[in-house]
Each structure stands twice: as structure tokens, then as C-alpha cells.
Amino acid sequence: MMNFEGKVAVVTGGARGIGAEIARALASRGASVVIADVNEELLEQMEKELLAGGTEALGVKTDVSSLPDTDNLIAKTVEKFGRVDILVNNAGITRDNLLMRMSEQEWDQVIAINLKGTFNCIKSVTRQMMKQRSGRIINISSVVGLMGNAGQVNYAASKAGVVGITKSVAREFSSRNITCNAIAPGFIQTEMTHVLSEKVVETLKSQIPLSRLGTVQDVANAVCFLASDEAGYITGQVLNVDGGMVMA
């Protein structure tokens, strides 16, 4: 099992869903974990869960669309743990609508959290990782950013942008032994998919070669691999965790 003893990980959107499972997976492998989220109640619950399991953990309320907030997140992490080894940019929202009905606010909100939020967190952690001359940055994109999806122009654009950020950062930071990769999940079983009808779920499964929806653990396992020493020669890549749904 991959060992992150002595490593410090920051996970945005870490209070529920995929982000919470990523935090648990890193913690179970020995990492100290800082979770960032806007939901204070869920953030407090997640911090207590990690601490109860013996993990050194810290919850920091953070709006990733605000650079002062992400600066504060990294400052508090370094203040408590002295370093940042792993940054997982997972925070994201959807505001789905057909383009002709999509409001400017629906566009701006998704771009601000999903795309600008990723930029902000990387910008905030840059100085610390450069100083360490090491780091792993893992951005959560989506297969929608690779193939598009009706009713999700804002989300698809934000997640495609995350891929562009990933490749550019990988080139900029490589000389300091900092890798940057993205994960593009497909249809994953979360609160969002639980509301879908059985018929819709079956239709989705028919589009997936492995004939099942993914789990949050599937995504968390991929994050752990890219954060590990075993992935030290991988940078600027997009790893699809989608059951074979999108094949380049």
C-alpha cells in the first residue's frame, strides 16, 4: 500500500462526496490532511472524523474563488504542519442549463469555482512547493471537459480549462520536481447521481464499457497513485477514471 507518512495533503471540496473520500484515502495511508470547504458544518464533521481515526487533520473554511481565502488556506497549513506535499483541487459546482437559457450568473459561478478556484489554489501553494523543491498537484477535471455535454456548456468549459492549466503548470514547475496531473472522472456514484431514475442510470451504464458507474473510491485510488512516489515520472497527463467511456 502506498505510504504518505510525513506528507501533508490539502484537499479542496473535502467535506463530502469525492473530496471526502480522497481525504480519507490519503489519511488511511498516513498523510496529514487539511480539508477545505465552504460548508462549515460538514467541514467540522469531516475534521472530527479524521481526527477520531488518528489522522493529524485540519479543516479550513475556504471559498476557492477568492485568492485571499486560498492564501489563508495554505498559510494555515504551513503554520500547522510546516509544508504542503500534495494539493488536490477537487472543489467544484454545477449550474446546468441549455446554453440559450443559461444565465450569465450560472456561467460565472461555475467558472469562478471550478476554473479560477483551481488557478487560485495553485498560485497560493506555488511559493511553498518551489521552496521545498517538491510537490504533487492533482486537479479533478471531468470527462465532460473532454467530450462536452448538452446542458453543461459552463461545466464543460471549466473542466476543459482545468486540463489546460494542468499541462501548463506541469511545464512551468517541472524544474522544481513538482508534478501536475489531472483526473477526469466519468459517471460516479455521488449525491448527484442518486437522484437519477433507474432508467437513466441503465442508459448511462450502456454507454460505459465496464457497464457500471464508478465509485468515489475509484477516484480516490487514482489520486493516491498520482500523489505517490511511484508516479514521480508522470506529469501533464489526464487520467480518465470512467470505465472506458472516453477513449482517445
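Note that CD1 of Ile35 and OG1 of Thr77 are 11.0 Å apart. Values are rounded to the nearest 0.5 Å. A distance of 11.5 Å separates CZ of Phe119 from OG of Ser168, quoted to the nearest 0.5 Å. Between the CD atom in Gln45 and the CG atom in Leu50 there is a gap of 12.0 Å [rounded to 0.5 Å]. The distance from atom CZ of Arg136 to atom CZ of Phe225, rounded to the nearest 0.5 Å, is 10.0 Å.
Checking side-chain atoms of Ser206 against main-chain N and O of Thr203 turns up a donor-acceptor pair under 3.5 Å. Within the 3.5 Å criterion, the main-chain N or O of Leu51 finds no donor-acceptor partner in the side chain of Thr55. Counting only distance, with no hydrogens or angles, the side chain of Asp85 and the backbone of Val8 share a donor-acceptor pair below 3.5 Å. Of the possible polar contacts, one joining the Asn120 side chain to the Val64 backbone as a donor-acceptor pair under 3.5 Å is found. Judged by distance alone, the side chain of Asn181 and the main-chain N or O of Ile138 form no donor-acceptor pair under 3.5 Å. A donor-acceptor pair under 3.5 Å is absent between the side-chain atoms of Ser124 and the main chain of Cys121, judged by distance alone. When atom types are taken as modelled, the side chain of Asp37 and the backbone of Asn39 share a donor-acceptor pair closer than 3.5 angstrom.
With hydrophobic clusters built from ILVMFWY side chains whose heavy atoms lie under 4.5 angstrom apart, Met2 does not share a cluster with Ile137. Under a hydrophobic-cluster definition in which Ile, Leu, Val, Met, Phe, Trp and Tyr are linked whenever side-chain heavy atoms come within less than 4.5 Å, directly or via other members, Ile165 and Ile86 are assigned to different clusters.
The side chain to side chain donor-acceptor pair (under 3.5 Å) check on Glu56 picks up Ser32, with sequence neighbours excluded. Among residues two or more places apart in sequence or in another chain, the salt bridge (Lys or Arg N to Asp or Glu O under 4.0 Å) test is passed with Lys61 by Glu40. Under the salt bridge (Lys or Arg N to Asp or Glu O under 4.0 Å) criterion, Lys80 pairs with no residue at all, not counting sequence neighbours. In this structure, the side-chain contact (heavy atoms from CB on, under 4.5 Å) partners of Asn221, at least two apart in sequence or on a different chain, are Arg29. Scored by the side chain to side chain donor-acceptor pair (under 3.5 Å) test, Asn89 finds Asn139 as partners (sequence neighbours excluded). Residues meeting the salt bridge (Lys or Arg N to Asp or Glu O under 4.0 Å) test with Lys48, sequence neighbours left out: Glu44.
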Discussion item. As a quick check of understanding, evaluate side-chain contact (heavy atoms from CB on, under 4.5 Å) for Leu87 and Val10, giving each step before the final call.
Written reply: CA-CA 5 Å; Leu87 170 65; Val10 175; 4.0 Å; yes
Worksheet entry | Verdict with supporting geometry, Lys123 and Thr70, side-chain contact (heavy atoms from CB on, under 4.5 Å) | CA-CA 9 Å; Lys123 184 173 175 64; Thr70 59; over 6 Å; no
Item to complete: Evaluate side-chain contact (heavy atoms from CB on, under 4.5 Å) for Gln189 paired with Val216, printing each intermediate quantity in order.
Response: CA-CA 7 Å; Gln189 293 174 18; Val216 289; over 6 Å; no
Worksheet item: Are Val60 and Asn72 close enough, and set up right, to give a side-chain contact (heavy atoms from CB on, under 4.5 Å), and what steps lead you there?
Response: CA-CA 9 Å; Val60 182; Asn72 177 64; 3.9 Å; yes
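Counting all heavy atoms, side chain and backbone alike, Ile183 lies closest to Pro185 at O-CD, 3.2 Å. Here the shortest heavy-atom pairing between Ser158 and Asn114 reads OG-ND2, 3.2 Å. Counting all heavy atoms, side chain and backbone alike, Leu204 lies closest to Ile208 at O-CG1, 3.4 Å. Among all heavy-atom pairs drawn from Thr62 and Val38, the shortest one is O-CG1, 3.1 Å. The two residues Lys116 and Ser65 have their closest heavy-atom pair at NZ-O, 3.4 Å. Here the closest heavy-atom approach between residue Val238 and residue Ala184 is recorded as CG1-CB, 3.9 Å.
For residues 217-239, the pairs satisfying salt bridge (charged side-chain N to carboxylate O under 4.0 Å, His left out) are Lys7-Asp229, Arg212-Asp218, with sequence neighbours left out. Applying the salt bridge (charged side-chain N to carboxylate O under 4.0 Å, His left out) definition to pairs two or more places apart or across chains, none involves residues 96-108. Among residues at least two apart or in separate chains, there is no salt bridge (charged side-chain N to carboxylate O under 4.0 Å, His left out) pair with a member in residues 63-74.
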Extract all donor-acceptor atom pairs below 3.5 Å that involve side chains of residues 140-150 and protein atoms in other chains or at least two apart in sequence.
{"unit_1": "Ser141", "atom_1": "OG", "unit_2": "Lys159", "atom_2": "O", "d": "2.8"}
{"unit_1": "Ser142", "atom_1": "OG", "unit_2": "Val144", "atom_2": "N", "d": "3.0"}
{"unit_1": "Asn149", "atom_1": "ND2", "unit_2": "Gln152", "atom_2": "OE1", "d": "2.9"}

Quick one: side chains of residues 17-24, donor-acceptor pairs under 3.5 Å with protein atoms, not counting sequence neighbours, listed by atom name and distance.
{"unit_1": "Glu21", "atom_1": "OE1", "unit_2": "Arg24", "atom_2": "NH1", "d": "3.1"}
{"unit_1": "Arg24", "atom_1": "NE", "unit_2": "Glu49", "atom_2": "OE2", "d": "2.5"}
{"unit_1": "Arg24", "atom_1": "NH2", "unit_2": "Glu49", "atom_2": "OE1", "d": "3.3"}

Donor-acceptor list for residues 170-178 side chains, cut-off 3.5 Å, not counting sequence neighbours:
{"unit_1": "Ser174", "atom_1": "OG", "unit_2": "Arg171", "atom_2": "O", "d": "3.3"}
{"unit_1": "Arg176", "atom_1": "NH1", "unit_2": "Met130", "atom_2": "O", "d": "3.4"}

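Two residues are said to be in side-chain contact when any heavy atoms from C-beta on lie closer than 4.5 Å; Gln132 and Gln128 meet this criterion. Residues Arg83 and Val78 are not in side-chain contact: their nearest non-hydrogen atoms beyond the backbone lie 4.5 Å or more apart. You'll find the side chain of Gln109 reaches within 4.5 Å of the side chain of Ile93, heavy atoms only. Looking at heavy atoms from C-beta onward, Thr179 lies out of side-chain contact with Ile234 at the 4.5 angstrom threshold. Proximity of Ile188 to Leu213: side-chain heavy atoms (C-beta onward) are nowhere separated by under 4.5 Å. Inter-residue side-chain proximity for Asp242 and Phe187 is flagged as unmet; no heavy-atom pair is nearer than 4.5 Å.
Of the residues Val110, Leu99, Leu98, the one that meets the side chain to side chain contact (heavy atoms under 4.5 Å, CB included) test with Val153 is Leu99.
Ion pairing between Glu202 and Lys205 holds under the 4.0 Å rule for side-chain N and carboxylate O.
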